[in-house]
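Below is one structure, written out as structure tokens; the observations come after it.
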Number of protein chains: 2
Amino acid sequence: MDERDALATLAATLPAAGDDAAVIDGLAITTDMLHERADFPDGTTRETAGWRAVGASLSDLAAMGADATCAVAVYAAPEFDEKELAAFVRGASEVCELVDAEYVGGDLDQHTEFTTATTAVGRVEEPLRRDGAEPGDAICVTGELGRTAAALRRFAAGDAESGNDLFRFTPRVAAGRALRGHASAAMDSSDGLARSLHQMADASDCGFAIEWDRLPVHSAVDAVAESEADRRECAAHVGEDFELVFTTPDPDAALAAVEEAGTAATVIGEVTEEGVVADGKPLPDRGYTHG
Amino acid sequence: MDERDALATLAATLPAAGDDAAVIDGLAITTDMLHERADFPDGTTRETAGWRAVGASLSDLAAMGADATCAVAVYAAPEFDEKELAAFVRGASEVCELVDAEYVGGDLDQHTEFTTATTAVGRVEEPLRRDGAEPGDAICVTGELGRTAAALRRFAAGDAESGNDLFRFTPRVAAGRALRGHASAAMDSSDGLARSLHQMADASDCGFAIEWDRLPVHSAVDAVAESEADRRECAAHVGEDFELVFTTPDPDAALAAVEEAGTAATVIGEVTEEGVVADGKPLPDRGYTHG
């Protein structure tokens with residue numbers, strides 16, 4: 001059983017689970033585990049790791065349109081270095097502050113590889129879901145795509161400073177909240193835009209048609225992309241950008257609401273009857289699979 | 001820096017953290033990580049592992065006097081075996097049901113060793129704390145002590161069935177809730193009774209005097225203990241029993257409230273001015289240190 005099948009088994013067993021976060025009794029809750037080897041390239045500071053790990057969980061709350069209340073983390077490492085632990089806590093606290101949540105600590109554990117398990121909790125009465133997209137709706141995305149792809153190239157090139165800067169993103173909690181009542185479907189782009197579109201198309205039983213030229217690509221991608229094909233790979237497939245992908249029957253109102261919340265958003269295509277395509281050609285369901 | 005120093009650093013950094021669970025905005029939240037090697041002896045089923053891991057987090061909510069709303073877990077293993085995953089989810093769901101909470105799934109991760117990170121969330125307005133014990137208060141404990149020590153001996157003897165039975169405990173959520181307004185201080189006994197008493201004595205700036213004969217020792221301990229000294233080791237030092245240790249100025253009322261909630265509780269001693277003693281002799285601050 002691979003991870004996607006296993007997740008499907010879990011979701012089938014547990015009716016309250018599903019989408020980006022589980023919602024029960026007015027609470028949204030989500031948990032994730034990240035590892036040094038798979039998720040934090042050489043040069044990632046512990047501050048960035050704390051920020052990014054907690055940010056990923058906060059992004060799941062954003063995708064549900066939830067307010068963010070708090071986050072916790074298990075910090076597991078071969079040894080507890082006081083400076084590294086303090087840096088992790090600082091990063092975790094900073095990203096929480098950005099979205100009006102509080103980082104309230106967690107647990108420590110001894111581990112051969114630096115590993116962190118983060119959980120975020122928020123409040124939402126009527127969560128945004130993945131399954132409400134309708135043909136004719138506009139497809140939109142917040143912020144810019146490819147930020148993480150560019151960061152990975154920077155880390156690989158030994159430019160850890162730029163890599164760390166790009167790795168510290170703003171979870172779209174304010175935008176998600178603004179989308180309540182506007183978005184017909186929403187999720188975050190953690191597995192990449194292409195995979196997000198496929199998942200929303202499956203959940204909503206419809207198709208998604210986007211246009212390459214409309215994608216808001218992060219300027220850092222232009223500095224690293226080797227070709228137009230590579231640029232598209234960075235923007236649509238690498239993933240882990242933690243932007244919101246959403247559909248709406250009234251893009252003018254939705255975009256205005258998101259902008260009021262301090263985030264840019266862009267229309268990138270239209271919901272159709274079937275198929276997931278870019279410029280009319282099938283867009284492969286290929287993206288980042290969490291290690 | 002060892003784990004206790006590191007935890008102290010975390011607690012000092014984060015004012016909302018501390019005690020068994022962090023409390024913010026009417027929510028109690030707690031997270032833990034457990035490993036196959038350190039926490040699940042050979043013979044532990046995945047159902048028991050799910051039960052116990054989620055139960056440990058629910059026990060932290062109990063120690064705060066919180067209601068339990070839900071729990072999530074990251075399930076990390078070298079491979080995803082459908083039956084093992086389903087068993088884990090079953091155990092996790094069962095222990096949640098026992099305390100009127102809902103298990104809402106979580107995340108999957110690939111890992112060399114079976115590892116789980118669990119988080120439980122509940123609601124509480126005025127949490128029980130560790131720092132309110134006053135000289136003259138009665139010291140009490142719910143249920144029976146030594147259950148986990150006996151289980152470990154059973155597992156070591158190859159009697160996995162008894163080990164699994166003893167490993168699946170009832171988190172004292174109902175008792176914790178009943179203790180609101182009755183307990184002057186409370187925590188769970190996850191690190192062992194002795195260490196819990198020391199931690200409450202430190203937090204409350206007072207002493208704890210217990211009597212060995214008053215400890216409610218689990219009958220399974222009598223079957224495995226080699227001597228009276230060994231029996232005391234099992235009951236007071238091995239830990240991981242997840243009972244509540246609490247103090248109260250009015251033991252009659254507190255015990256009646258706990259019994260009304262379906263749990264037995266026993267007075268085991270009295271809060272004093274200073275020192276932590278059993279039968280008048282210093283009780284060492286020695287217990288289980290989480291691996």
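Just so it is clear, the model here is predicted, and its values are computed rather than measured. Residue numbers start from 1 in every chain, and the chains themselves are labelled A, B, ... in the order their sequence lines are given, proteins ahead of strands. Both backbone and side-chain heavy atoms feed into the values below; hydrogens, waters and symmetry mates do not.
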From OG1 (A:Thr69) to CD1 (B:Ile29), nearest 0.5 Å: 9.0 Å
Considering only heavy atoms, which portion of A:Arg37 lies under 4.5 Å from any heavy atom of chain B: side chain, backbone, both, or neither? neither
Spatial distance of atom CG (B:Asp109) from atom CG (A:Asp32) [nearest 0.5 Å]: 9.5 Å
Heavy-atom contact with chain A under 4.5 Å, split by part of B:Arg90: neither
Mark yes when over 12 heavy atoms from residues, nucleotides or ligands other than B:Glu113 sit less than 6.0 Å from its CD; otherwise mark no. yes
Run the side-chain contact (heavy atoms from CB on, under 4.5 Å) check on B:Arg123 and A:Leu27 step by step: do they pass? CA-CA 11 Å; B:Arg123 289 189 164 89; A:Leu27 292 182; 3.7 Å; yes
Over all atoms of both residues, closest heavy-atom pair of B:Thr31 and A:Gly106: CG2-CA, 3.8 Å
Is it the side chain or the backbone of B:Ala76 that comes within 4.5 Å of chain A heavy atoms, both, or neither? side chain
Is A:Val74 in contact with chain B via its backbone, its side chain, both, or neither, using a 4.5 Å heavy-atom distance? both
Side chains of A:Met33 and B:His111: does their closest heavy-atom pair fall under 4.5 Å? yes
Check whether any side-chain heavy atom of B:Val72 sits under 4.5 Å from a side-chain heavy atom of A:Thr30, and report yes or no. no
Side-chain contact, heavy-atom cut-off 4.5 Å: A:Asp25 with B:Glu102? no
